[in-house]
K.L.:
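After the structure tokens below, expect a handful of questions from me.
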Amino acid sequence: MLEVSDVIKRYGKVTACDRVSFTMEPGSVTVLLGPNGSGKSTIMKSITGFLRYNGTIMVDGQPNKSVEAKRLMGYVPEMPALYPNLTVGEHMEFMARVYRLEDYKTYADALLERFEMTDKVKKFGDELSKGMQQKLSLCLGLLPRPKYLLFDEPMVGLDPHAIKELKNIMQEMRDAGCAVLVSTHMIDSVDMLWDRTVIMQSGQVRANVTRSQVEAGDQSLEELFFAITEGVQ
């Protein structure tokens, strides 16, 4: 289980996250919804250990910044962070070495094939289009087969085939007992995937509900989102 407890993150006088708490259960997809500036990316970066914060984040009982916890997590940032002088194939090899992966090449090739990148293996990072950079970023996040995978706006810039493959992969990960966290403001892109939704606004969690709870009510997820973020009754 991944547990986020009372996380506070401030940038000067601005509070980006204000006592944010939620959990990610194995074999589930949690969707982090919120308008731009709601604190979604900040809490994602806090979980991965990229930011300092107050509060507690535990991954299978280990502090999230420990080596043990980091080896359990994968992260796909909103903006791909690639090395301009490494090829696609070299990026995959670099990630494998970071995670000390063995016998990874078959899986790496399968990922590149699923995202239609087999003909880009020798292309450098700065030679790829934005969409291709996003696809490579997805492959890099998936390569270690993490137990917990965090996606920050993963479908922005992807073509329809890549979106379909990504949704299939999320389903496969859930079926395999992994926990997936997807941060987005595009509700329709994840409407059929989620098990739990955490809705944020102004740095706070405004709702933390399961699919069954929403389906038992009289509002759709979209209606609930707008009722919370725009005050629609």
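Just so it is clear, the values below take in all heavy atoms, side chains as well, and ignore hydrogens, waters and symmetry mates.
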K.L.:
Less than 4.0 angstrom from a charged side-chain N to a carboxylate O is my criterion; do Asp159 and Lys135 meet it?
P.N.:
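Result for this pair is yes, salt bridge flagged.
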
K.L.:
Assess the side chains of Asn168 and Glu172: does a donor N or O sit below 3.5 Å from an acceptor N or O?
P.N.:
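Side chains of Asn168 and Glu172: no pair found under 3.5 Å.
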
K.L.:
If you look at every heavy atom in Met73 and Thr48, which pair is closest and at what distance?
P.N.:
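So the minimum-distance heavy-atom pair works out to CE-CA, 4.4 Å.
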
K.L.:
Where is the tightest heavy-atom contact between Ala227 and Gln219, given as atom of each residue plus distance?
P.N.:
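Here Ala227 and Gln219 meet closest at CB-NE2, 3.7 Å.
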
K.L.:
Going by atom types only, do Tyr148 and Asn64 share a side-chain donor-acceptor pair under 3.5 Å?
P.N.:
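There is no such pair (donor and acceptor under 3.5 Å, judged by atom type) between the side chains of Tyr148 and Asn64.
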
K.L.:
Verify side-chain contact (heavy atoms from CB on, under 4.5 Å) between Thr118 and Asp109, making sure each step is shown before the conclusion.
P.N.:
CA-CA 7 Å; Thr118 53; Asp109 291 343; over 6 Å; no

K.L.:
Which atoms form the tightest heavy-atom contact between Val20 and Gly203, and what is the distance?
P.N.:
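Result for this residue pair: CG2-O, 3.5 Å.
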
K.L.:
When you compare the side chain of Glu78 with that of Val156, does any pair of heavy atoms fall below 4.5 Å?
P.N.:
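Not touching, per the 4.5 Å side-chain cut-off.
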
K.L.:
Apply the test side-chain contact (heavy atoms from CB on, under 4.5 Å) to residues Glu223 and Asp218: give CA-CA distance (whole Å), side-chain angles for both, the deciding distance (0.1 Å), then the verdict.
P.N.:
CA-CA 9 Å; Glu223 290 169 337; Asp218 57 0; over 6 Å; no

K.L.:
Is it the case that the side chain of Arg174 and the backbone of Leu193 share a donor-acceptor pair, with hydrogens and angles ignored and the cut-off at 3.5 Å?
P.N.:
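Present.
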
K.L.:
Heavy atoms only: give me the nearest Gln133-Leu128 pair and the separation to one decimal.
P.N.:
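Taking Gln133 first and Leu128 second, the nearest heavy atoms are NE2-O, 3.4 Å.
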
K.L.:
Applying the side-chain hydrogen bond (donor to acceptor under 3.5 Å, both in side chains) criterion to Arg196, which one of Asn208, Thr30, Thr210 satisfies it?
P.N.:
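That would be Asn208; it is the only one of Asn208, Thr30, Thr210 passing the side-chain hydrogen bond (donor to acceptor under 3.5 Å, both in side chains) with Arg196.
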
K.L.:
Measuring from Met79:CE to Asp152:CG, what's the distance to the nearest 0.5 Å?
P.N.:
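Answer rounded to 0.5 Å: 11.0 Å.
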
K.L.:
Give the minimum heavy-atom separation between Val209 and Trp194, together with the two atoms involved.
P.N.:
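Here Val209 and Trp194 meet closest at O-CZ3, 4.0 Å.
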
K.L.:
Tell me if the aromatic rings of Tyr99 and Tyr104 count as close, with their centers under 6.0 Å from one another.
P.N.:
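Ring-ring flag for Tyr99/Tyr104: false, centres at least 6.0 Å apart.
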
K.L.:
Decide yes or no on side-chain contact (heavy atoms from CB on, under 4.5 Å) for Leu33 and Leu221, but give the supporting numbers first.
P.N.:
CA-CA 10 Å; Leu33 292 177; Leu221 177 58; 4.1 Å; yes

K.L.:
Just to verify, what does Tyr75 make a ring-ring contact (aromatic ring centres under 6.0 Å, His included) with, not counting sequence neighbours?
P.N.:
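Per chain and number, Tyr75 pairs via ring-ring contact (aromatic ring centres under 6.0 Å, His included) with Phe50.
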
K.L.:
Using a 6.0 Å cut-off, check whether atom CG of Asp103 has over 12 heavy atoms from anything other than its own residue.
P.N.:
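Atom CG in Asp103 is not packed in, count stays at 12 or less.
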
K.L.:
What do you reckon, is NZ of Lys65 surrounded by more than 12 foreign heavy atoms closer than 6.0 Å?
P.N.:
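Yes, enclosed.
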
K.L.:
What heavy-atom pair brings Leu82 and Gly125 nearest, and what distance separates the two atoms?
P.N.:
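The pair with the smallest heavy-atom distance is CD1-O, 4.4 Å.
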
